[in-house]
Structure formats: C-alpha cells, structure tokens
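In listed order, ligands and their atoms are each counted from 1. Computed from a predicted structure; not experimentally measured.
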Amino acid sequence: MRKILITGGAGFIGSHVVRLFVNKYPDYHIFNLDKLTYAGNLFNLKDIEHKPNYHFIKADIVDGELMQQLFETHKFDSVIHLAAESHVDRSISNPMEFVMTNIIGTVNLLNAARHHWQQDYKGKLFYHVSTDEVYGSLGDTGLFTETTAYDPHSPYSASKASSDHLVRSYHDTFGLPVIISNCSNNYGPNQFPEKLIPLFINNIRHNKPLPVYGKGENVRDWLYVVDHAQAIDVIFHEGKIRETYNIGGHNEWKNIDLIKVICKVMDEKLGRPQGKSEQLITFVKDRAGHDLRYAIDSGKLQRELGWIPSLQFEQGIRLTVDWYLQNQTWLDEVTSGNYLKYYEEQYDKR
Ligand code: NAD
Ligand code: DAU
C-alpha cells in the first residue's frame, strides 16, 4: 500500500491531482498537506473529502521540524510536491514569500524525505512539479525542451528555478530518487481568479474592465488542468528517476486573441450581443519583466511515456466558462475579503 504526500492539494492544480489519485487508486493513501493560504480552498475537494483513502493535514512546509515529524508519523513513501506561491504579480510585490515557500519549503521537504528514507530508496520517489517559466522567454520561434538553459526573470520563476536545482542536487549529492516536470499555463475549474482566464471571466460577469498588460502580445501555451493531472499520474508511475519531463498543450495563444475568445464565449453564454464584452478590454501598464513567449515541446513525454493532451482548446475553454458560471458561489466566496484589497492594490495603480 502506498502512502503519498501531495503538497498544495487544496490549490488549483493540486486539487485536480488529489481527486485523480484518490478516485483512481483506492488502495493508495493520499495525504494532502496544505497551509491553506488565500489560494488553498478545501471546497475544491468537497466531493472526495469523505473517502477513506483521503487525509488532510493543515501545515506549512516552511516549518522544517514539522515536516520531519510528519514523515516520522505517517511514513510517506513518495511525495508529489505542488505547494508554492504561484502568482507572478504577487512575486513582484512580495518576493520574500516566494523565497520562503518555494525555496526553503522545498528544501525542508527534501531534508525530511532524505532523513526519513535513510538511504533505503527502493520504492521511494520525490516528484517535484515545476513550471516552464524557469526557461525564460522565447522570441517568435522555437520551443522549450528539457535541455533549454534556465533563464528565469521574475522572483516567482527564479524561486521555482532554484527549487528545481535543489531537487536535482539532492539526487546528485545524496542519491534521493527525484523526478521533475515543467508545465505550461494551466486553465480550468478551481483556478484562483487572480490568473488571466478566471479573472477575466469574473470581470466580464460583473461588467468590469479587462486589464490587458502592455499590448496583449505576449504568448502563452495553454493546457487544460485535468490533462496536467493526468500527465503527473503517468510521470509519477512510469517516469525515470533524475529525468525531467516537459508538459504542454501545443496550444499557443497571443493574450489579446485568447481574451477575444473568452469575450465571445461569455457573450454567447450570458445571452449578450456579440462584441459587448470586448468593449471591456482596457490596455494597462505592462507587468515588470514580462516574458514575451512561452511554448513547450512535450515530445519526450509523448515518445517515452505515451502522454498527449486529451482536450482541444475549443472544448476546454467552453467547459471552463461553464464551470465558473455554474459555480458562482465559489467565485463570490474566493473574491470577497482579502481578495478585494489585493485587487485594488494590484490594479488601481496601473
Ligand atoms: P495555487 O496557488 O493555486 O495553489 C498553491 C497551493 O499551495 C495552495 O493550496 C496553497 O494553500 C498551498 N501553499 C502555499 N504555500 C504553502 C506553504 N508554505 N505550505 C503549504 N502549502 C502551501 O497554485 P497552482 O496554480 O495550483 O500551482 C501548483 C504548482 O504547479 C506550483 O508549484 C506551480 O509552480 C506549478 N505550476 C503551475 C502552473 C499554472 O499554470 N498554474 C503551471 C506550471 C506549474
Ligand atoms: O507558464 C506557467 C505559469 O503560468 C505558472 O508557472 C504560473 O504559476 C501561472 O501563474 C502562469 O503564469 P503567467 O504569468 O503566464 O499567468 P497569468 O495568468 O498571471 O498571466 C497570463 C498572461 O496574461 C501573462 O502574459 C500576463 C497577462 N495578464 C495577466 C493578468 C492577471 C494580463 O494581461 N492581465 C492580467 O490581469
């Protein structure tokens, strides 16, 4: 019987990974460890919280002693590490939070795993979930591969790059069995509405301006979150130790074009005249250090482990819009309180 520690399981991607593992592997014990920051929400897991193989631990990965104790108590045999501060704009206003959670928190988990597994690494795995942002920014052509040199530009991506290096160093120095995956932009249900797609869906709903950074010419490669969770499942079970796997959607969109698609689908769903939501588009000051283009070559994952995305973007974006419109209480709850303060600070100055 496996005992898997999944960190950050109350967040956007983590909740989809926890759900997949709890439902698909009833014989595994899944321990979801989460601090429940503004981004963590146990409502994301309502449908599985009573399953006998699901366990929740409220804890902060920055507390190294606590991580050691939890390994001792629960005897985890593997880790899927997703807990992180994940929003680039917040990393620009408060880099230290990112250093603490993304770097120190990761080292605490590596130390706890190393110490508890005591060099008996058979059947053990530390799987670190990372981002394509560590590779920096592309020009008009080319794709990130697993051998692209790291070149992070934001405190967020620099903290993730640092954590990736530390994870590899624990393999090379101590023999810890590790795997890393680097994924492109995710979208789908349960994403906190500070990120582009849910933020714009929510703003259109309330007839609020859609703040497009710069000229809207930056390009992102979008992947439906359930496809990312499925890739993590495949890599966790079949990936090779010390390997890196890039995960992406082969689905590049210029921000402004993507925003127009969201506007169109929202007009349709809300029964508004076509073109109405586009009138909300407002060009605002660009993000500092804004990477121009991300695009992933996920050929290795396809060739070696047979993973490909299951969903076309046209389907994915409609499913996503439907989810947010059908879960307006979820949206209203996460956008009350502190969120409003964040939103004012972030956007009023632009
Ligand atoms: P998220 O912000 O939605 O969720 C992060 C979760 O981590 C939250 O539940 C939060 O409560 C928890 N957390 C934060 N600090 C913690 C701490 N100190 N101790 C314990 N728990 C803590 O993030 P997400 O978008 O789901 O991203 C998950 C992971 O995937 C991150 O590591 C991120 O870098 C990576 N990633 C995200 C994307 C994306 O598009 N969102 C793409 C590639 C990789
Ligand atoms: O590439 C993977 C990364 O994708 C993850 O590692 C990060 O955790 C995740 O947040 C995401 O980072 P981005 O910065 O690409 O995502 P975000 O949704 O913040 O922005 C997407 C694009 O939209 C980016 O070019 C900035 C732009 N944008 C964003 C916001 C919030 C706007 O134009 N206006 C906005 O209000």
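With a 6.0 Å cutoff to the six-membered ring centre and a 45° limit on the axis angle, Arg287 does not count as a cation-pi contact of Tyr213. Both tests pass for Lys208 against the ring of Tyr343: distance under 6.0 Å to the centre and angle within 45° of the axis.
The nearest non-hydrogen atom to atom 16 (O) of ligand 2, considering only Leu258, Leu196, Asn185, comes from Asn185. Here atom 9 (C) of ligand 2 lies nearest to Ser86 when heavy atoms of Ala39, Ser86, Gly11 are compared. The option from Val88, Asn255, Ile256, Asp89 that lies nearest to atom 27 (C) of ligand 2, judged by heavy atoms, is Asn255. If you check each of Pro193, Gly248, Pro211 against atom 34 (N) of ligand 2, the one with the closest non-hydrogen atom is Pro211.
Under the 4.0 angstrom criterion for non-hydrogen atoms, Ala10 is in contact with ligand 1. Lys160 does not count as a contact of ligand 2, since none of its heavy atoms falls under 4.0 Å from the ligand. At least one heavy atom of Ser184 sits less than 4.0 Å from an atom of ligand 1.
Residue Ile61 places at least one N or O, backbone or side chain, under 3.5 Å from an N or O of ligand 1. Any N or O atom pair closer than 3.5 Å counts here, and Asn185 shares no such pair with ligand 1.
Interface of His290 with ligand 2, defined as ligand atoms under 4.0 Å from a residue heavy atom, comprises 24 (C), 25 (O), 26 (C).
Contacts between Lys195 and ligand 2 below 4.0 angstrom, taking non-hydrogen atoms only, involve backbone and side chain alike.
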